[in-house]
Amino acid sequence: MSEIDESKAPMSSEEQKAYQARQKHRSVILAGILGFMVVLFYLITFVKIGSSS
């Protein structure tokens, strides 16, 4: 798989905080996109079922 690069220094406290902030921001955006898609699929299904009667 992937190899661990031991030549790199570990992240400093500031770098780790910045990394975690980016990670949290990315996960919030992905959760929003997922929620939007769930609502969109629900609405599409609701419209299709409603128009078939």
Participant: Does I49 belong to the same Ile/Leu/Val/Met/Phe/Trp/Tyr cluster as F41, with side-chain heavy atoms less than 4.5 Å apart forming each link?
Facilitator: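 No, separate clusters.
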Participant: Using the side-chain contact (heavy atoms from CB on, under 4.5 Å) rule, pick out the option among R22, Q16, K17 that qualifies with Y19.
Facilitator: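 Checked R22, Q16, K17 against Y19; only one passes side-chain contact (heavy atoms from CB on, under 4.5 Å): R22.
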Participant: Rounded to the nearest 0.5 Å, what separation is found between the CE atom of M37 and the CD1 atom of I44?
Facilitator: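 Taking CE in M37 and CD1 in I44, the distance rounds to 9.5 Å.
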Participant: Would a hydrophobic clustering, with Ile, Leu, Val, Met, Phe, Trp and Tyr connected at side-chain separations under 4.5 Å, put Y42 with V39?
Facilitator: yes
Participant: What pairs with S12 under side-chain contact (heavy atoms from CB on, under 4.5 Å), at least two apart in sequence or on another chain?
Facilitator: E14, E15
Participant: Would you give the length of the straight line joining atom CG of L34 to atom CD1 of I29, rounded to the nearest 0.5 angstrom?
Facilitator: 13.5 Å
Participant: Would you kindly confirm whether F46 and V38 end up in one hydrophobic cluster when ILVMFWY residues are joined by side chain heavy atoms under 4.5 Å apart?
Facilitator: no
